[in-house]
**Q** 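One structure follows; several queries about it will come next.
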Amino acid sequence: MKFSDDAYDENQDLKLATIFGILCAIASGFAAVMDAGAAYVFIGIIVGNLIALKIDGIHHWITLILFIIICLIFGLPELSLAILLASVFGALADEVGHETIENFTQNKFLILFFEYRFVMKIVIFSLALCGFISFWTFIFFILYELSYLMAGLVFEKSL
């Protein structure tokens, strides 16, 4: 999704943003229908971003609609509302904190904490530690987060 966001935000390239968004929707949609842990992560991120009003372009809406269609056609695993709400809270706290933390403090730790969106990482780690989701879900989530950061670096280098 990082390529999609940067293609749209930095280059105003709606076509490329939409293509990368579609690829993201396909990958995350199929992960969500195949694994409850992935569903908690991706639905949490999507709903958290919806509430934070971060779905702000046609490429985001196309991605969201395709994700929903995949989930409706193939069906989601059984999910716990409490665990889903924890994931949504983590994603929402990260998005709000990421955008506003510098308005409230100059504490470098807190700024970096929200810059790298650690609330969701802590939530997913806690859920895995307590046995609500697989520890592999946490590992794959960290790899997803690392790939998001790497995509940003690759995009910056290609400018």
**Q** Could you tell me the separation between the CD1 atom of Ile55 and the CD1 atom of Ile62, rounded to the nearest 0.5 Å?
**A** 12.5 Å

**Q** Is there a path of hydrophobic side-chain contacts, each under 4.5 Å between heavy atoms of I, L, V, M, F, W or Y residues, that connects Met150 with Met120?
**A**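 Shared cluster, no.
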
**Q** Among Ile83, Ile46, Leu50, Val47, which residue satisfies the side chain to side chain contact (heavy atoms under 4.5 Å, CB included) criterion with Val88?
**A**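 Exactly one option meets the side chain to side chain contact (heavy atoms under 4.5 Å, CB included) with Val88, and it is Val47.
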
**Q** Could you pull out all residues at least two apart from Tyr116 that satisfy ring-ring contact (aromatic ring centres under 6.0 Å, His included)?
**A**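 Scan of Tyr116 (ring-ring contact (aromatic ring centres under 6.0 Å, His included), adjacent residues dropped) gives none.
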
**Q** Suppose the criterion is side-chain hydrogen bond (donor to acceptor under 3.5 Å, both in side chains): which pairs have a residue in residues 55-72, not counting sequence neighbours?
**A** Asp5-His60, Asp56-His60

**Q** How would you list all residue pairs meeting salt bridge (charged side-chain N to carboxylate O under 4.0 Å, His left out) that involve residues 144-153, not counting sequence neighbours?
**A** Lys121-Glu145

**Q** Could you list who else is in Leu85's hydrophobic cluster, with ILVMFWY side chains joined at under 4.5 Å, directly or through other members?
**A** Leu81

**Q** Does some side-chain heavy atom of Ile43 sit less than 4.5 Å from a side-chain heavy atom of Leu84?
**A**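 A side-chain contact under 4.5 Å exists here.
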
**Q** Mind listing the closest non-hydrogen atom pair of Ala17 and Tyr8 along with its distance?
**A**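 Result for this residue pair: CB-CB, 3.7 Å.
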
**Q** Taking Asn49 for its side chain and Ile45 for its backbone only, find out whether a donor-acceptor pair lies under 3.5 Å.
**A** yes

**Q** Suppose the criterion is side-chain hydrogen bond (donor to acceptor under 3.5 Å, both in side chains): which pairs have a residue in residues 77-96, not counting sequence neighbours?
**A**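 Qualifying pairs, neighbours excluded: Glu95-Arg117.
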
**Q** Would the number of heavy atoms belonging to other residues, nucleotides or ligands and lying under 6.0 Å from CD of Glu115 be above 12?
**A**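 Above 12, so yes.
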
**Q** Could you tell me if the ring centre of Phe141 sits under 6.0 Å from that of Phe138?
**A** no

**Q** CE of Met1 to OG of Ser28: how many Å apart, nearest 0.5 Å?
**A** 9.0 Å

**Q** According to a hydrophobic-cluster definition based on side-chain heavy atoms being under 4.5 Å apart (Ile, Leu, Val, Met, Phe, Trp, Tyr only), do Leu149 and Val154 belong together?
**A**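 No, separate clusters.
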
**Q** Applying side-chain contact (heavy atoms from CB on, under 4.5 Å), can you list everything that pairs with Leu66, at least two apart in sequence or on another chain?
**A** Ile22, Ala25, Ile26, Ile70

**Q** Do Ile73 and Phe67 belong together in a cluster built from hydrophobic side chains that touch within less than 4.5 Å?
**A**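 Per the 4.5 Å side-chain linkage, Ile73 and Phe67 are co-clustered.
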
**Q** Which heavy atom of Phe109 sits nearest a heavy atom of Asn107, and at what distance?
**A**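 The pair with the smallest heavy-atom distance is N-OD1, 2.9 Å.
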
**Q** Hydrophobic clustering (ILVMFWY, side-chain heavy atoms < 4.5 Å, transitive) - are Leu23 and Tyr148 grouped together?
**A**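 In one cluster: no.
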
**Q** Only counting residues at least two apart or in another chain, list the ones meeting side-chain contact (heavy atoms from CB on, under 4.5 Å) with Ser134.
**A** Trp136, Thr137

**Q** Would you give the length of the straight line joining atom CD of Glu156 to atom CD of Glu10, rounded to the nearest 0.5 angstrom?
**A**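 Taking CD in Glu156 and CD in Glu10, the distance rounds to 8.0 Å.
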
**Q** For Cys71 versus Ala32, what's the shortest heavy-atom pair and its separation?
**A** SG-CB, 4.4 Å

**Q** Are there more than 12 heavy atoms of other residues, nucleotides or ligands under 6.0 Å from atom CZ of Phe89?
**A** no

**Q** Any chance you could lay out the side-chain contact (heavy atoms from CB on, under 4.5 Å) test for Leu16 and Phe3, step after step, and finish with the verdict?
**A** CA-CA 8 Å; Leu16 195 57; Phe3 280 132; over 6 Å; no

**Q** Looking only at heavy atoms, which two atoms of Leu76 and Ala39 are closest? And how far apart?
**A**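 Closest approach of Leu76 to Ala39, heavy atoms only: CD2-CB, 4.3 Å.
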
**Q** Taking only residues two or more places apart in sequence, or in another chain, which ones meet Phe132 in a ring-ring contact (aromatic ring centres under 6.0 Å, His included)?
**A** none

**Q** Residues two or more places apart in sequence or in another chain: which of them pass side-chain contact (heavy atoms from CB on, under 4.5 Å) with Lys108?
**A** none

**Q** Can you pull the ring pair (Phe, Tyr, Trp, His ring centres under 6.0 Å) pairs that have at least one residue in residues 26-57, sequence neighbours excluded?
**A**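 For residues 26-57, and leaving out neighbouring residues, the ring pair (Phe, Tyr, Trp, His ring centres under 6.0 Å) pairs sorted by first residue read Phe30-Phe74, Phe42-Tyr144.
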
**Q** Tell me whether Leu79 is reachable from Leu64 by hopping between hydrophobic residues (I, L, V, M, F, W, Y) whose side-chain heavy atoms are closer than 4.5 Å.
**A**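 They do share one cluster, since a chain of ILVMFWY contacts under 4.5 Å joins Leu64 to Leu79.
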
**Q** Could you list the residues that satisfy side-chain contact (heavy atoms from CB on, under 4.5 Å) with Val123, not counting sequence neighbours?
**A**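 Val123 satisfies side-chain contact (heavy atoms from CB on, under 4.5 Å) with Ala86, Val119, Leu127 once adjacent residues are dropped.
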
**Q** Can you tell me which residue pairs pass the salt bridge (charged side-chain N to carboxylate O under 4.0 Å, His left out) test with a partner in residues 33-50, sequence neighbours excluded?
**A** none

**Q** Which atom pair, heavy atoms only, marks the closest approach of Thr18 to Leu14?
**A** OG1-O, 2.7 Å

**Q** Do you know the tightest heavy-atom contact between Ile101 and Ile111?
**A** CG2-CA, 4.1 Å

**Q** Rounded to the nearest 0.5 Å, what's the gap from CD1 on Ile124 to CD1 on Ile133? Could you check?
**A** 4.5 Å

